[in-house]
Amino acid sequence: MANIKQTPIRESFAKRYRARFGHLPWFKRYECLIPLSIIILLIGFLLLPPLGKPTPLQWLWIGVFLILLILWVVGILTDIEKPRWIRAIAAISFVFVLGFFFYRYSGAQWDKLTTNFFNLSVMEGLWGDLGQGLLMTLKVALVSMCISLVLGLVIAILRSLNNPILNVFLIIYIDFFRAIPLIVLVVFVFYALPFLGIELDPYISAVVAVSLSYAAYVAEVIRAGIESIYRGQVEASRALGLSSMQTMRLVILPQAVRVVIPPTTGLMVGLLKDTALTTIIGLPELLYKGIQNTIWQSNPTPLVAAAVLYIIVLLPLTRFSGYLETRSKKWVKTAR
Amino acid sequence: MGEDRALMIEVINLHKYFKDHHVLKGLNQKVYKSEVVAMIGPSGAGKSTFLRCLNRLEEPSLGKILIEGTDITATRTDINKVRTEIGMVFQSFNLFPHLTALQNIKLAPINVRRMSEKDAEERGRQLLKKVGLQEKANAYPDQLSGGQQQRVAIARALAMQPHMIFFDEPTSALDPEMIREVLDVMDNLAKEGMTMLVVSHEIGFIREAATRILVLADGCIIEEGTPNEVLKHPQHSRTQDFLSKIV
């Protein structure tokens, strides 16, 4: 045996190829995939119809093309041993081709879509107004975030005391505000509270409704975080003579915060989006401005612009929460 | 035996139920200063529960426990104050993962004993040196091996200058090559005259360091005596049976 190892025999290319790829099913092998790519390219460039509604024969070619393309993509993507760049090209080109086909053969009225929804000339002089709406949205969101985080933390800590009487009230609060649709709550705070002698302007109403509602969500997330900390941590802390409040402050919360930050950031993203619901009480925030300008211009482009602004503000936040998630996974010792 | 020494722990008719499960069936025990009491027995015998009742990590169902004369089962007693005099070392170390080794040790002296930051730091470093980890002061628990973590945990317990230390299977979660380093630290503590209650099956350590062995089975102390008596000439058939399985 040892002798054979020491004198390597130069195998033929075919033999080495079979040893390397022979275990793959036929549709994952290069001798199938390479001709397939050539056929797909030929059909794509020579036989596919131009923009517009295709004839039945042309539909047939489109169908054949798509079936071959799917075979090709499946053959590449289901084999994790294929080089990364090949798999990336396959995935990207597949998505690109599907999008392109939709554009080319769906018969959609692209020009009308553009003039209605992506009409930049409509937006002239409106960006400032939308910007003011965005500022109001951010103002409501930031204030509500602060209030709901503090309130939620307090509720979560009170909940962890496990006082049965206190818990009844806390659970009623949490369940009520999680169950009631926020838009109903907003309407109630603004239109119904005046009859109880509490009159709030739209801005305060919005902050109150959003904060109360999100405090309930935050409380549940933080409570889950607190409960996820391994019981031995509490025991070790109490055995050292720390009081239950010191244990909470010095041992549990510092660890729970790291568990809780990612889902809480997610909640805050939801909060910012949900401020749009306060449109219903006439708060001049971003969605309100979008709708108003859409009506004035008889063109929904301002609404699309508002959506784009929401996305621009929220994308970094969602990415940030993803970053925090990977970071916090490192060392937190959670319940077993 | 040892009547001239101070009485550290007195347990009178201790019962513990978990729902319908009768775990401890009326234990009576006295522990004097500088005794090293080892508790052995089959799993489920109630050794850990007994230990955890003594600092009320488990609430005793019935009976009286006096720690240095204070009845800890009385509602008036400030259990946090009693716990400061009792060090506890756990099977799973239970170091605080968000704090460094030194911070783990300093936490309780600063927040419970109201010791100054500087004194606590100095004490912490001395203790780390004592357990042979002075260079690991700024390491986080997950950067330490199991044996190192357990030694930090012992240092953390010692930082409160307790009058007694409970060890709840301190080496059971460790790889074999790390058991020795932890036992050495415990050995030294025993030699310094620390009162220790140890739940452990490290027969070598028990033979060396223990002054007394309690054999528990089914919630009762079935046998008691010096290591020599119990390990060499076990009287009770269950003790003989148990020892034949672990030695």
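Here is the naming used below: chain letters follow the sequence lines, and residue numbers restart at 1 for every chain. No hydrogens, no waters, no symmetry mates; every other heavy atom, side chains included, goes into these values.
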> Could you tell me if B:Lys16 sits above the aromatic ring of B:Phe50, with its cationic atom closer than 6.0 Å to the ring centre and no more than 45 degrees from the axis?
no
> Looking at B:Ile86, B:Asp78, B:Leu107, which makes the most heavy-atom pairs under 4.5 Å with chain A?
B:Leu107
> Tell me, for B:Phe90 versus chain A, whether the close heavy atoms (under 4.5 Å) come from the side chain, the backbone, both or neither.
side chain
> Would you say the side-chain atoms of B:Arg212 pair up with the backbone N or O of B:Val37, donor to acceptor, closer than 3.5 Å?
no
> Checking B:Arg156 against B:Phe96: charged group under 6.0 Å from the ring centre and within 45 degrees of the axis?
yes
> Check this for me: A:Phe320, atom CZ, are more than 12 non-hydrogen atoms of other residues, nucleotides or ligands nearer than 6.0 Å?
no
> So which part of B:Asn55 gets closer than 4.5 Å to some heavy atom of chain A, the side chain, the backbone, both or neither?
side chain
> Let me know if A:Gln246 has heavy atoms under 4.5 Å from chain B in its side chain, its backbone, both or neither.
side chain
